[in-house]
Structure formats: C-alpha cells, structure tokens
K.L.:
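Just passing along the structure, written as structure tokens.
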Amino acid sequence: MLDPQLFRSDLDSVKLQLDRRSYDFDASAYEALESKRKVVQIKTQELQNERNKSSKGIGQAKAKGEDIQPLLDQVQHLGDQLKQAEAELSEIQQQMTALMEAIPNFLDELVPAGKDEEDNVELSRWGEKPVFSFQPKDHVDLGENKGLDFEIAAKIACARFAVLKGPLARLQRAIIQLMLDTHTAEHEYEETYVPFLVNADSLYGTGQLPKFEEDLFKASSNPDLYLIPTAEVPVTNIVRDSIVDAKQMPLKFVCHTPCFRSEAGAYGRDVRGLIRQHQFEKVELVQIVSAADSEKAHEELTQHAENILQKLKLPYRKVLLCAGDTGFSSSKTYDLEVWLPGQDSYREISSCSNFKDFQARRMQARWRNPETGKPELVHTVNGSGLAAGRTLIAVMENYQDEQGRIHIPEALKPYMTGIEIIE
RNA sequence: GGAGAGGUGGCUGAGUGGCCGAAAGCGGCGGUCUUGAAAACCGUUGAGGGUUUAUCCCCUCCCAGGGUUCGAAUCCCUGCUUCUCCGCCA
C-alpha cells in the first residue's frame, strides 16, 4: 500500500511513478472520490461532535437533578442523520481502500525501464561454466535411475509434483542444511519455524491478496487458510500490527519451508522436470529494518544468497529486474540465475527484493525511532537463500560426469555421511 | 471434544453506563542534586486520522464485528484468542 498522503499532496508525481510501471491509474476517478471523502468525513465528524457535546450536557444536567426531557427531544433527530453519514463515509472509505490496495509499489529510481525479462539488466557473472567432453544431460534424465520420479508423484497427487528417494532426497536435505547453517552461523540470521498455512490477513499484509488469489492453494476448511506460496508470508507477518523495539532492530530471520503455488497461469511452461512445481522447498531470508537501512540490507541479503552459490561453486549471474518484471509489492528486485547445463541457460534460483514501506503499511508494522520517539513504518527486505529444489537441479546438472553420475560438491560432503558420488 | 476464567497504553494492572483516552506502579524522556554515576525528588510520556501556513480545534480507537442507549472500556449477541482443569492425540 502506498502513502495516501502522497496522493493528496502530489498527485502528479504519483502519476509519473505509476507510469513507469505502465499502471493505468485513473486519476480523475481518484480525485472525484477523494473530494467526496473530504466533504462526507467533515460532515460526519461534525455530527459526531454535536452528539458528543449533547450527551455530555445531558449527563451534567442529570447529575444536577434537572429535567432532561427537553434535551433528549433536541438530539432526537441526530441519530438518523449520523447513522446515514457514517454509512456513507464507510462506503467511500471502502472504495478508496479497494482502489489503493490494487496499486503496485513505486519503483526504485535505479530500476530500468522495460517490458519483460528480456529487458532485465545483467549486473555481474560469477564462476566458470563447466566444460563437458560429452553432451550433458538435464536433471530429469540424470535422476531417472536415482530415485527422481514424476509418475509416482502424479499417481499420488497430480502433475507438477515429484517424489525423491534415496541419495537424491538426502542431497536436497543436505542443501537445506548447508543453507541454514551458513545463514545462522555466518550471516547472523535467526532460525525460524512457522505455520505453512496462513490466514487472509497475512497474505494481504505481504501483498498476495487480494490481487493474486488464483496463484494460491486454498484449504477448503473453516477457518479459511491458504498454503504458503513462500515463507516470506508467515515470517514477514511476525511483525504485523506491532511496534518493534529499536534495540531489536534489525530483525533477521532465516526459514526453511515448503512452498505451494497453483501455477495457474503457467500451462505449458516448464512442464518437464523439477523447475516449476506445485510444491518445492525453499530457504528464505527476511530482514525487518529501518527506512535508512533498507538499501544496504538489500545489498547484503543478496550477497548472503550469492554466498551459497559460491560455496557450491555453481556459476550464476546477477540480474536487476526491469520495470515490467518487478513484482507488485517490490520496489527493486535482484534475481540470481544459476547456470543449468542441461537447459543451456541461466534460470532463476533466488529473487531478492526491497519492499520499502509497502508491506509495512499494509501490515501496520512499525518500530520506534529513538531519535523522534515516534513509531515509524519499517522497511521489509527478503530473498530466497536459495530455492532448494532448483539448487538440487543445479548441483545435479553441473556436477554430472560422462557415466551420468553426480559428484557431491565439497561444501555438501559433511552433510552426506560419506556419500561422494550418486550413481 | 467437555468445564471454567480472562483479553485495557511499551509492560503490570484499576476501572460495571456520563466527571474516562483511561487511576496507580514499572519502563522511557527532561530536570534538580552530584566531580561523574546511582539513589531520591519534580515534571513529562498512547496510536491513527480530519481541518489548518501553523497554533488551536475536532473525530476514531480499551481483542474484532454487530446491537441496546441521548451517551458504552463498562450492558447484550457473534467471532477470534489466551490461560486452567478433564478427555484424546503425534
């Protein structure tokens, strides 16, 4: 949610900002609603004031033992008028909220113009792509005789699920362990365990609702809960409706969860393999910081995700998303794309975003600034550190040999109880 | 699942229809005292919003949503939630 004050004080710059997003903002509809709001709100508050004064007068008269009947007759007309004004105001406010909550975040000034991922800007590359003396296989072929099974998963559930058995299941767990250990021990994140089902308020807070409900799995039960599409939702909502003590800032959480996505708009895309699944494992990094610190925190958090790729010696590149590819709630996003020999391309393995105060305003998440003594909105920053399912793919494809075996990267060996090669 | 008791400011906690946005204490902030600190004492200290150049003024908020009333933290209904006891359970 954007700052409503800005809409009132400088609508022109709001329009310019939303233009960068190619967001079709109906400024005249907004202005009409806003001027109506002003009139009705003032009228409502005047009526409330009148009621309060009268009631106070009645109380005092009664205490003195005076006859209050004449006073009661006087305020009789107030009730209906007030009720009507309040109803009208509430209707306008609901319309205003509906309008405001559908508007995406402003883009950071450094975000490049562009329509889709073609226009993203590559910032850096790390690592050497492996050179093979044979035609490298993709992870589906490599996993075929090693316990990676999509048919069984489709029998158990449906398409876009996978079953892992034996050393590959072990390898995914090792990857998760490495990430959690690194982020807690070296990057000072607090390990967190959270619900995998969340309520609508939480999804609203981080921006998935109300606009993107079709991307979610809803649990058809009472109370209404949704499967989390990312740990970002439960973890960020830890600070919803609260004022964080300055001494506790910044808050840094790391959390491993499964993630569930309906992939409703992805028919026919990435149908092969583990790339795009309804369920996948991810380790998420979340930071709750002050406005002054969020830019730095965003850079650092991205580096923390990069460190995992570097430990695994997986070649990757860092990309700054263009205007059209930056998510609804995000102000600025870096994607980390890992090299996948089986696909002969870079694929997203982490997405690190600075949301500034956009989520915080939706969540009413604040901290008390000791300089002013006043509560201020926090900034939220998060990123995958990393998507474990895709990391598994990257390890399989980058560490394969001519016999179709998979060599365990050095950094994972301590977690594999002696297994050095999966064959 | 059954029975009972609660949800009030940063925290503890008083308040059962008007003088309550809310006692008292703790904590925070400012000051007096002190070489400095502590203690003691004095003062101050909730959030959001409207109007305004600003001050002023006004509105809303005592878990949430409805209701009763001229008037609700207080009474009624519904929901959520916490705690205690019993049962069941990984």
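Chain letters run A, B, ... following the sequence lines, proteins first and then strands; every chain starts at 1.
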K.L.:
Quickly work out the E86(A) CD to rG65(B) P distance and round it to whole Å.
P.N.:
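The answer, rounded to whole Å, is 13 Å.
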K.L.:
What is the distance from CG of L72(A) to C1' of rU69(B), rounded to the nearest Å?
P.N.:
10 Å
K.L.:
To the nearest Å, how far apart are Q364(A) CD and rC63(B) C1'?
P.N.:
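After rounding, the gap between these two atoms is 16 Å.
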K.L.:
Counting the atoms with a prime plus P, OP1 and OP2 as sugar-phosphate, which does K43(A) contact under 4.0 Å by heavy atoms, base, sugar-phosphate, or nothing?
P.N.:
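The residue K43(A) makes no contact with any strand.
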K.L.:
With heavy atoms under 4.0 Å as the rule, sort P370(A) into base, sugar-phosphate or nothing.
P.N.:
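P370(A): no heavy atom of the nucleic acid under 4.0 Å.
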K.L.:
Check every strand shown and say whether Q5(A) touches a base, only sugar-phosphate, or nothing at a heavy-atom separation below 4.0 Å.
P.N.:
sugar-phosphate
K.L.:
Can you see if the side chain of R366(A) gets near the phosphate of rA47(B) - specifically, an N or O under 4.0 Å from OP1 or OP2?
P.N.:
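Negative; the distance criterion is not met.
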K.L.:
Counting only side-chain N and O atoms of K56(A), is one of them less than 4.0 Å from OP1 or OP2 of rC70(B)?
P.N.:
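K56(A) to rC70(B) OP1/OP2: no side-chain N or O under 4.0 Å.
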K.L.:
Only pairs with both distances under 3.5 Å count, Watson-Crick or wobble alike; so what is the partner of rA64(B) in this structure?
P.N.:
rU78(B)
K.L.:
Strictly under 3.5 Å: I want the nitrogen or oxygen pairs between protein and nucleotides 54-58 of chain B, one per line.
P.N.:
unit_1	atom_1	unit_2	atom_2	d
rC58(B)	O3'	N49(A)	ND2	2.8

K.L.:
Rounded to the nearest Å, what distance is computed from the NZ atom of residue K247(A) to the P atom of nucleotide rC11(B)?
P.N.:
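Roughly 14 Å, once rounded to whole Å.
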K.L.:
Take the protein atom CZ of R361(A) and the nucleotide atom C1' of rG48(B), then report the distance between them rounded to whole Å.
P.N.:
13 Å
K.L.:
If you draw a 6.0 Å radius around CD in E214(A), do more than 12 non-hydrogen atoms from other residues or ligands fall strictly inside?
P.N.:
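Atom CD in E214(A) is crowded, with more than 12 foreign heavy atoms closer than 6.0 Å.
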K.L.:
For E34(A) and rG49(B), give me the distance from atom CD to atom C1', rounded to whole Å.
P.N.:
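Interatomic distance, CD of E34(A) to C1' of rG49(B): 12 Å.
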K.L.:
Roughly, in whole Å, what's the span from CD in Q60(A) to P in rC70(B)?
P.N.:
18 Å
K.L.:
To the nearest Å, give me how far apart CG (N369(A)) and P (rG28(B)) are.
P.N.:
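My rounded result for the distance is 18 Å.
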K.L.:
So which protein nitrogen or oxygen atoms get under 3.5 Å of nucleotides 71-73 of chain B's nitrogens or oxygens?
P.N.:
unit_1	atom_1	unit_2	atom_2	d
rG71(B)	O4'	S55(A)	OG	2.9

K.L.:
In Watson-Crick or G-U wobble terms, both distances under 3.5 Å, what is the partner of rG25(B)?
P.N.:
rC11(B)
K.L.:
Please examine the side chains of V319(A) and E337(A), heavy atoms only from C-beta on, and report whether any two atoms are closer than 4.5 Å.
P.N.:
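In contact.
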